[in-house]
Q: 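A single structure is presented below for examination.
Note that the numbering runs from 1 along the sequence shown for the chain.
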Amino acid sequence: MSSLPSHWIPHRREDGEVIGWIDMESREPDLIPIDRLGRALPSVPDWNAAEEVLDDVGLRFLMNRFHYRGHTVRIRHLYEDRVIVTTAVSDAIGDVGQEFTLPFPAGPDLTEVRTR
């Protein structure tokens, strides 16, 4: 499983939850905000701008649907070394669905379903 690069600095919201990271090295002198799925966002010139981008993105997108290898899935669990997605529509007892464990960062196989 993947591990977080040492040059990714966690950014937390007020309650302490990690909502992303700030990559300080890959595009120096710019910084790259990284969302909670490990996806790079557009680079920014300074720390405050990176924090602002991550605060704006937040964790809301984790409630969205995604495509994964021909399946429509949702995020079931999110860890710093893996992402677990499921085809189950809800967490109801009878809604088992199929689970997939992806490495972290999730990579290009996991794409967000765009709604209009």
Q: Taking the side chain as every heavy atom from C-beta outward, state whether H7 and E28 have any atom pair closer than 4.5 Å.
A: no

Q: What residue pairs, at least two apart or across chains, pass ring-ring contact (aromatic ring centres under 6.0 Å, His included) with a residue in residues 29-54?
A: none

Q: List the steps, then state whether side chain to side chain contact (heavy atoms under 4.5 Å, CB included) holds for H67 with V73.
A: CA-CA 6 Å; H67 290 298; V73 297; over 6 Å; no

Q: Side chains of T72 and T87: closer than 4.5 Å at any heavy-atom pair?
A: no

Q: If you take all heavy atoms of P45 and D30, which pair is closest and at what distance?
A: CA-OD1, 3.7 Å

Q: Please tabulate, for the side chains in residues 37-44, all donor-acceptor contacts under 3.5 angstrom to protein atoms that are two or more places apart in sequence or on a different chain.
A:
residue : atom : partner : partner atom : Å
R39     : NE   : D35     : OD2          : 2.7
R39     : NH1  : E112    : OE1          : 3.2
R39     : NH2  : D35     : OD2          : 2.8
R39     : NH2  : E112    : OE1          : 3.4

Q: Output every pair passing ring-ring contact (aromatic ring centres under 6.0 Å, His included) with a member in residues 11-36, not counting sequence neighbours, ordered by first then second residue.
A: W8-W21, W21-F104

Q: To the nearest 0.5 Å, tell me how far L54 CG sits from L59 CG.
A: 10.0 Å

Q: With clusters built from Ile, Leu, Val, Met, Phe, Trp and Tyr whose side-chain heavy atoms come within less than 4.5 Å, directly or transitively, what are the remaining members of the cluster of Y79, listed by chain and number?
A: I84

Q: Output yes when a side-chain donor or acceptor of R74 lies under 3.5 Å from a complementary backbone atom of T86, and no otherwise.
A: no

Q: Holding to side chain to side chain donor-acceptor pair (under 3.5 Å), I want the full list of residues that pass it with N48, two or more places apart in sequence or in another chain.
A: none

Q: Check the pair L78 / L62 against side chain to side chain contact (heavy atoms under 4.5 Å, CB included), numbers first and verdict last.
A: CA-CA 9 Å; L78 186 58; L62 296 176; 3.7 Å; yes

Q: Is the closest side-chain heavy-atom distance between I75 and V83 below 4.5 Å?
A: yes

Q: Run the numbers on I32 and E25 for side chain to side chain contact (heavy atoms under 4.5 Å, CB included), then give the verdict.
A: CA-CA 8 Å; I32 305 170; E25 293 181 7; over 6 Å; no

Q: Can you get from L110 to V113 by hopping between Ile, Leu, Val, Met, Phe, Trp and Tyr side chains that sit under 4.5 Å apart?
A: no

Q: Less than 6.0 Å separating the ring centroids of F100 and H71?
A: yes

Q: Looking at E99 and R76, is any side-chain nitrogen of the basic one under 4.0 Å from a carboxylate oxygen of the acidic one?
A: yes

Q: Not counting sequence neighbours, list each pair that qualifies as a salt bridge (charged side-chain N to carboxylate O under 4.0 Å, His left out) and has a residue in residues 52-70.
A: R69-D109

Q: Would you indicate whether the side-chain heavy atoms of L102 and V85 approach each other to under 4.5 Å?
A: yes

